[in-house]
Amino acid sequence: MITATSHGEVLQIKMSRYPDFPPATWVCAYLVDGLLIDTGPSYTAEELRDFLKEKGLKLAVNTHFHEDHISANKFLQDAYKVDIFAPALAIDKINKPASLYPYQEEVWGYPVPSRVKPLGHYIQTEKYRFDVIPTPSHDADHICLYEDKNGWLFTGDLYVSTRPLVCRPNEDLWQTLADLRKMRSLNPRSMFPAPTHVITQPMEKLDKAIAYLMELGNRVDALYNKGMPPERIMQEIFGAESMLAELTQNQFSSLNMVKSFLRKYE
Ligand SMILES: [Zn+2]
């Protein structure tokens, strides 16, 4: 299912296999001045292709290789002959069959492999220039796009909320802090994340997210330096493991957050 909402010149396209499920099961792409940012999951790929008919689509960018951001690539290329660009580190992965956990297969589905072109330092549309900003915390290939005239910041999966309680096993939360600070330094006026609503006061949200993660990282550090193992640190800080851990085969857990902060000691 697809729903779309205009935010000035930016169209938010919200995609979900299960419309009644919680927010974690939908993802957003954005269409602005002919540029589509991310192409969504497999289950809505053909619906997105049909939705974009006569919407002036000229080109697309994948913010990273995850299956909920690339799966309509092939359908859009076949239907509209558009170029799709992705970060250099993502290209091989987008071009090969994906290997998914059961929850990913259930919620997003398998992407059809597609051939995409490497992103340069910026993407030019008819009216705007979007700077490509590497933000490797969510995954090594991840990028954000920033349009300076309007202060538009497209953050892919970098920003989820001001108080995230879970993360993936390979995320680096100290790097997340660095990436969020980099976003703050741009002084954005609107923020367009993939996993949540459009944010009209991004500086306030970024400040909160940075303060929360900084405090959390320092607490994890302090408990670890007292000799506490990661599992006990997780219980001490979060009380209990998130339900998402079991539902996602431990791909999203609070223990992952603790371990992420402690990886610097390995
Ligand atoms: Zn992702």
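Small disclaimer: the values here were computed from a predicted structure and weren't measured. Indexing begins at 1, ligand by ligand and atom by atom, following the structure's order. Every heavy atom of this structure was used, including side-chain atoms; hydrogens, water molecules and symmetry mates were not.
Distances from the Zn ion (ligand 1) to each N, O or S atom of H66 single out ND1 as the nearest. Taking the Zn ion (ligand 1) as reference, the nearest N/O/S atom within D157 carries the name OD2.
For a distance bound of 2.8 Å, the N, O or S atoms of H138 include one lying that close to the Zn ion (ligand 1).
Under the 30°/60° scheme for interplanar angles, the aromatic rings of F192 and H7 are found to stand perpendicular. By the 30° and 60° cut-offs, the orientation of the rings of F252 relative to Y103 is perpendicular.
Side-chain contact between P164 and Y212 is present, with at least one heavy-atom pair separated by less than 4.5 Å.
Residue pairs meeting the side chain to side chain donor-acceptor pair (under 3.5 Å) criterion with at least one partner in residues 246-257, sequence neighbours excluded, are Y101-Q251, E241-S254, S253-N256.
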